[in-house]
Amino acid sequence: MPELPEVETLRRSLQGIQKRSVLGVYLSKLAPVEATTASALRQVVLDATIIQLNRWGKYLLIDLDNEQSLVVHLGMSGKLLWQQDEIPVRPLHTHMELNFDDGSVLRFIDARRFGTLSLTNRQRDNNPFLARLGPDYLNGALDEKIFLKRCHRHPKVNLKTLLLNQKVATGLGNIYACEALYQAGLDPCRLVSATNDQQLVELLIASKDRLKVGVKYGGTSFRDYLNGLGHRGKMKDFLQVYDREGQLTLDGRGTVQRIVQQQRSTFYCPEVQK
DNA sequence: GCGATCCTGGCC
DNA sequence: GGCCAGGATCGC
């Protein structure tokens, strides 16, 4: 579910857990702990103090005062909710709960369990998920030259598939990939090899722009997404094509069609995207 | 590179 | 009952 803007909004909404110490850790029997064991994860997190929150692509990194970080990926349906007035009933599908020294609780809730919980060291070089990520779209590390070089490694894929490949660059998901392609005026089915460098740079610029606007509006809430304080994002009202099959684009330039690529819906406007 | 697969829930 | 969902991996 959550793409870069949603995870960045989540990160910002959880600033209040900084300096809090973890007095209790609950992990459900089905907690999606990966690349380590539940007991090892519990041992690292218990009694640690939160230093700060970081983000890489769609991964949230909760830095601890013991040189380790808890790495949270929300998958399709995951939520992190920081509850300062503790709700007595543990919600269904709560897979992790951190109890802080001020009585507040951070809960990881994920019905589908496509999300993951893992650990990384300070250098961020021993986590298999982070190891697979390309440069983040918004942290300043991705310039035109680097983007072009990485695109040209995949000449035979279409542009939508390219954008969803987190190894090329990380942060775009289904919504913002569709929106970036619309803004760049590029057909999602077009192959990288049939796209010139100027067009690819337009795609990079559009991708960064849409992600920034997504952050500005606190992410997109269709069904599940809530930030750490339980609030919805407002970006849905600014989407041009996503989830608008058969309707006009938001700016009225044409009609939106839905096709399927990689078993995912792609929304685009043939009149605008060539 | 492509298709199947992991899961649960909501909606038609 | 069937289809769909802000994701990503693993076979062939």
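Atom set for the values below is all heavy atoms of this structure, side chains included, hydrogens, waters and symmetry mates excluded. All values derive from a computational prediction rather than experimental measurement. In what follows, chains carry the letters A, B, and so on, assigned in the order in which the sequence lines appear, proteins first and then strands, with residues in each chain numbered from 1.
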>> Taking C/dG11 as the reference, what is the distance to B/dC7 when you measure between their P atoms (whole Å, please)?
In response: 15 Å
> side-chain hydrogen bond (donor to acceptor under 3.5 Å, both in side chains) with A/Arg55: which residues, sequence neighbours excluded?
Replying inline: A/Glu8, A/Asp136
>> Taking side-chain hydrogen bond (donor to acceptor under 3.5 Å, both in side chains) as the definition, give me every residue that meets it alongside A/Arg20, ordered by chain and number, with sequence neighbours left out.
In response: A/Asp101
> Regarding A/Asn121 and A/Gln68, is there a side-chain donor-to-acceptor distance under 3.5 Å anywhere?
Replying inline: no
>> Nearest to the A/Arg113 side chain among C/dA5, C/dG7, B/dC7, which nucleotide is it?
In response: B/dC7
Please enumerate all protein N or O atoms sitting under 3.5 Å from an N or O of nucleotides 9-12 of chain C, with distances to 0.1 Å.
unit_1 : atom_1 : unit_2   : atom_2 : d
C/dT9  : OP1    : A/Arg132 : NE     : 2.6

>> List the residues meeting side-chain hydrogen bond (donor to acceptor under 3.5 Å, both in side chains) with A/Thr9, not counting sequence neighbours, and say none if there are none.
In response: none
>> Expressed as a whole number of angstroms, how long is the span from A/Asn165:CG to C/dA8:P?
In response: 10 Å
> What residues form a side-chain contact (heavy atoms from CB on, under 4.5 Å) with A/Phe114, not counting sequence neighbours?
Replying inline: A/Met76, A/Arg112
> Does the side chain of A/Ser265 come under 3.5 Å of the side chain of A/Arg258 through a donor N or O and an acceptor N or O?
Replying inline: yes
>> Categorize A/Thr116 for me: base, sugar-phosphate, or nothing, with a 4.0 angstrom heavy-atom threshold over every strand shown.
In response: nothing
> Atom CG of A/Asp110 and atom P of C/dG7: how far apart are they, to the nearest Å?
Replying inline: 13 Å
> So, A/Ser69 versus A/Arg124: side-chain donor-acceptor pair below 3.5 Å or not?
Replying inline: yes
> Considering only C/dG7, C/dC4, B/dG9, which nucleotide approaches the side chain of A/Arg258 most closely?
Replying inline: C/dC4
> Partners of A/Glu34 by side-chain contact (heavy atoms from CB on, under 4.5 Å), sequence neighbours excluded?
Replying inline: A/Thr116, A/Phe129
> Taking only N and O in the side chain of A/Ser77, is any of them less than 4.0 Å away from OP1 or OP2 of B/dG9?
Replying inline: no
> Just by protein heavy atoms under 4.0 Å, how would nucleotides 1-6 of chain B read 5' to 3' in B, S and -?
Replying inline: SSBB-B
> Please give, in whole Å, the distance from B/dC7 P to A/Glu34 CD?
Replying inline: 11 Å
> A/Lys160 has an atom NZ; how far is it from atom P of C/dA8, in whole Å?
Replying inline: 12 Å
Using a 3.5 Å cut-off and no angle test, enumerate the donor-acceptor pairs between side-chain atoms of residues 214-222 of chain A and protein atoms at least two apart in sequence or in another chain.
unit_1   : atom_1 : unit_2   : atom_2 : d
A/Thr220 : OG1    : A/Tyr176 : OH     : 2.9
A/Ser221 : OG     : A/Tyr225 : O      : 2.9
A/Ser221 : OG     : A/Gly233 : N      : 2.7

>> For A/Thr195, give me all partners under side-chain hydrogen bond (donor to acceptor under 3.5 Å, both in side chains), at least two apart in sequence or on another chain.
In response: none
> Could you state the CG-P distance from A/Leu92 to B/dG9, rounded to the nearest angstrom?
Replying inline: 6 Å
> For DNA chain C, what string of dots and brackets results from 5' to 3' when Watson-Crick and G-U pairs need both distances under 3.5 Å, crossing pairs get [ ], and pairs with another strand get |?
Replying inline: |||||.||||||
> Do NZ/NE/NH1/NH2 and the carboxylate oxygens of A/Glu271 and A/Arg253 come within less than 4.0 Å?
Replying inline: no
> Can you name the nearest heavy-atom pair linking A/Pro2 to A/Gly75, along with the distance?
Replying inline: CD-O, 2.8 Å
> What's the CG-C1' distance between A/Leu30 and B/dT8, to the nearest Å?
Replying inline: 12 Å
> Going by distance alone, is a donor N or O of one side chain under 3.5 Å from an acceptor N or O of the other, for A/Ser104 and A/Trp82?
Replying inline: yes
>> Quick check on side chain to side chain donor-acceptor pair (under 3.5 Å): which of A/Asn174, A/Asn165, A/Asp187 does A/Lys160 satisfy it with?
In response: A/Asn174
> Taking atom C1' of C/dA8 as reference, at what distance in whole Å does atom CD of A/Gln261 sit?
Replying inline: 17 Å
> What residues in residues 167-180 of chain A put a non-hydrogen atom under 4.0 Å from any atom of DNA chain C?
Replying inline: A/Gly173, A/Asn174, A/Ile175
>> Need one value for A/Leu226: base, sugar-phosphate or nothing, where a base atom within 4.0 Å counts as base even if backbone is also close, heavy atoms only.
In response: nothing
>> Side-chain N or O of A/His93 versus OP1/OP2 of B/dT8: is the shortest distance under 4.0 Å?
In response: no
> Whole-Å distance between C/dC4 C1' and A/Glu245 CD?
Replying inline: 12 Å
> What residues, two or more places apart in sequence or in another chain, satisfy side-chain contact (heavy atoms from CB on, under 4.5 Å) together with A/Ser28?
Replying inline: A/Tyr26, A/Leu30, A/Ala31, A/His95
